[in-house]
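In what follows, a single structure is set out as structure tokens and then discussed.
Since this is a predicted model, take the numbers as computed values, not measurements. Each residue takes its place number in the sequence, starting with 1. In listed order, ligands and their atoms are each counted from 1.
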Amino acid sequence: MGSPLTAPPRERSAYGALSLWHETTPTDWRPRPSLGGDVDADVAIVGAGYTGLWTAYYLARADPTLRIVMVEAEVAGFGASGRNGGWCSALFPTSLGEAQDAAMRASVDEVQRVTVAEGIDCHFAKGGTIVLARSQAQWARVRAEHGDGVLSAAEAGERLRATRTLGATYTPDCAALHPARLARGLADVVTGAGVELFERTPALAITPGKVRTPHGSVRAPYVVRATEGFTPMLPGLARAVVPVYSLIIASEPLPSAVWDDIGLAQRETFSDHRHLVIYGQRTADDRLVFGGRGAPYHLRSRVSPAFDRDPRVFAALHATLLDLFPVLHGTRFTHAWGGPLGIARDWCASVGLDRETGLAWAGGYVGDGVSTTNLAGRTLSDLILSRSTELTALPWVGHRSPSWEPEPLRWLGINAGLRAMTLADAEEAVTGRPSVIARAVSPLIG
Ligand SMILES: Cc1cc2nc3c(=O)[nH]c(=O)nc-3n(C[C@H](O)[C@H](O)[C@H](O)COP(=O)(O)OP(=O)(O)OC[C@H]3O[C@@H](n4cnc5c(N)ncnc54)[C@H](O)[C@@H]3O)c2cc1C
């Protein structure tokens, strides 16, 4: 299969079949017109995921006279923003201190504020996140890290009932939402506010003042790169972030008797304290959506629709869910999909504007981009409008991550890291103690 940026034109319905979220978004997924010639703008934005859309949103609201032109290789919401697990959380991939944490917590509420104000019905429900400890080793780690701030097994069971639960951690700072409804809603709002969005228009090169596409260029003093996991396909950026795939399965809508058994009455997002990331949510229509990492990294940071689906990973996710909730035996799983997220070499997300070149960027969110992109959009708007604000003073602003290693070192290192997380979980299951492998490897892989 070809890369998503060079694939032949898709049928209108093909985008609608990318995921459960795409299928259940009230939009026809017909691409907007492509860019057919040269245009001048005040700000050019490459990529119409949340990063590009939030940036356009705040810029257009701050200064309605700006000419903002977005180019998107496929359609708005094609990438991770349309496909994710829908955790709008205060998580940030690395620890940068209280100011950054506070800004993240505020971002969850800001997403809610805007979606309400703009009438974007993305099924936002702020039920928090519960993360279970389901082995002695997990429980030991959790108590060491969180002290008294943990839930007992009985308290955890008031929110979520899974097998072998010894306790849990809980935070109120997370909402479950419908990702593609948010992405498409934002695209409609920004185009309604005068932002020009050209779809099926891949940027072939980004240089200061110019975005070159197959049939024309956008010239603008500011160019925002908002391409996350797809970034390595752009000239000169092969080692900027790595695309790592996260995969998801979704059940049919479950009867209330099953939910009485499982819990999640507030639509809490959930996980457990294993090393290889898993994440779940109860959707507004009572499905269980459940994802995790574990799919391999592909040599030379390749991104392809073929990598969105991996039967081995789907089977592992299914087995994990049945292990958590035996009541799901016999449940039909109707959807399975995946997509690339972006990881910087030091696992630190960043946002910035180079004033000399006018080139701006945001990304490297790992699996925490749903709310972080909102913070990025507000920050990029302030940077481009030359406003010094609390946001532009945050520690992630202007942070430059080192480049990833050349291949094949990159491939070896990342896949060894992913494998190590699986081994660490197996080690803990056998020993009942926090993993030695994880302690050795986590400084290297975050
Ligand atoms: C399966 C999965 C589950 C996840 N779960 C969560 C979660 O629960 N919570 C959370 O916080 N985060 C989660 N994430 C991460 C989160 O979805 C991303 O961090 C976030 O959506 C990134 O938004 P973005 O706009 O930067 O990138 P994207 O949404 O990937 O958008 C980039 C866009 O740029 C376009 N593009 C790429 N190259 C070009 C080019 N050359 N020219 C023009 N356009 C281009 C792409 O087509 C795409 O539409 C998950 C990610 C995945 C894949």
Side-chain angles (χ1 to χ4, degrees), residues 3-6 15 18-19 21 34-35 44-55 70-93 104 107-108 111 129 174-177 179-180 182-183 186-187 197-206 211-214 218 224-235 237 241 243-249 269 271 277-281 289-293 295 303 307-308 313 336-343 349 351 361-374 376-377:
S3 94
L5 304 186
T6 55
Y15 292 114
L18 278 172
S19 72
W21 307 126
S34 303
L35 182 64
I45 298 174
V46 180
Y50 299 144
T51 299
L53 292 165
W54 281 122
T55 305
M70 304 185 73
V71 295
E72 161 56 51
E74 301 280 349
V75 293
F78 168 82
S81 300
R83 310 182 193 191
N84 60 72
W87 285 39
C88 183
S89 78
L91 296 169
F92 191 79
M104 288 302 306
S107 296
V108 178
V111 171
T129 300
C174 185
L177 56 71
L182 174 58
L186 279 173
L197 167 54
F198 296 99
E199 296 187 327
R200 295 203 55 80
T201 304
L204 303 176
I206 299 176
V211 178
R212 187 164 60 81
T213 80
V218 188
V224 178
R225 170 169 54 78
T227 49
E228 191 59 339
F230 305 87
T231 303
M233 295 155 88
L234 282 163
L237 293 166
V241 294
V244 167
Y245 276 75
S246 197
L247 269 55
I248 296 182
I249 59 175
T269 51
S271 180
V277 173
I278 56 167
Y279 48 89
Q281 73 146 292
V289 165
F290 187 71
R293 284 187 220 145
V303 173
F307 306 152
D308 293 350
V313 178
W337 70 94
L341 45 83
I343 306 184
V351 57
W361 79 93
Y365 312 109
V366 192
D368 303 327
V370 174
S371 51
T372 318
T373 48
N374 173 276

Would you check if the side chain of [X] reaches a backbone N or O of [Y] as a donor-acceptor pair within less than 3.5 Å?
X	Y	value
Ser271	Ile278	yes
Glu199	Ala73	no
Arg83	Gly338	yes
Ser81	Gly77	no
Ser371	Ser89	yes

Does ligand 1 have a heavy atom under 4.0 Å from the side chain of [X], from its backbone, from both, or from neither?
X	value
Trp87	both
Leu234	side chain
Thr51	both
Tyr245	neither

Using heavy-atom distances only, which candidate in [options] approaches [atom] most closely?
atom	options	answer
atom 23 (O) of ligand 1	Ala203, Ser81, Gly369	Ser81
atom 30 (O) of ligand 1	Ala73, Gly342, Ala80, Ala205	Ala80
atom 33 (C) of ligand 1	Glu72, Arg83, Glu199, Arg225	Glu72

Heavy-atom contacts with [X] under 4.0 Å: which atoms of ligand 1 show up? List them by number with element.
X	answer
Tyr50	21 (O), 25 (O)
Val370	9 (N), 10 (C), 11 (O), 12 (N)
Phe78	47 (O)
Gly85	3 (C), 4 (C), 5 (N), 6 (C), 7 (C), 8 (O)
Tyr279	1 (C), 2 (C), 3 (C)
Gly339	53 (C)
Thr373	23 (O)
Ser246	1 (C), 2 (C)

- Residue pair Tyr279 / Ser246, side-chain donor-acceptor N/O under 3.5 Å: yes
- Query: Do the side-chain N and O atoms of Thr269 and Thr129 include a donor-acceptor pair separated by under 3.5 angstrom?
  - Reply: yes
Looking at ligand 1, does [X] have a heavy atom less than 4.0 Å from it?
X	result
Gly363	no
Ala226	yes
Leu204	no
Ser89	no

- Criterion side chain to side chain contact (heavy atoms under 4.5 Å, CB included) on Trp337 and Asp308, from CA distance to verdict: CA-CA 6 Å; Trp337 70 94; Asp308 293 350; 5.7 Å; no
- Task: Starting from the C-alpha separation in whole Å, work towards a yes-or-no answer on side chain to side chain contact (heavy atoms under 4.5 Å, CB included) for Glu228 and Thr51.
- Result: CA-CA 9 Å; Glu228 191 59 339; Thr51 299; 5.9 Å; no
- Any N/O pair Gly229/ligand 1 closer than 3.5 Å: no
- Examine Leu247 against ligand 1 and note whether any of their N/O atoms are separated by less than 3.5 Å. no
- Item | Full working for side chain to side chain contact (heavy atoms under 4.5 Å, CB included) between Trp87 and Val370 | CA-CA 7 Å; Trp87 285 39; Val370 174; 5.9 Å; no
- Working to the nearest 0.5 Å, report the span between CG of Asp368 and OG of Ser107. 12.0 Å
- Query: Looking at side-chain heavy atoms only, is the closest gap between Thr201 and Glu72 below 4.5 Å?
  - Reply: no
- Six-ring centre of Phe78, Arg200 cation under 6.0 angstrom, axis tolerance 45°: no
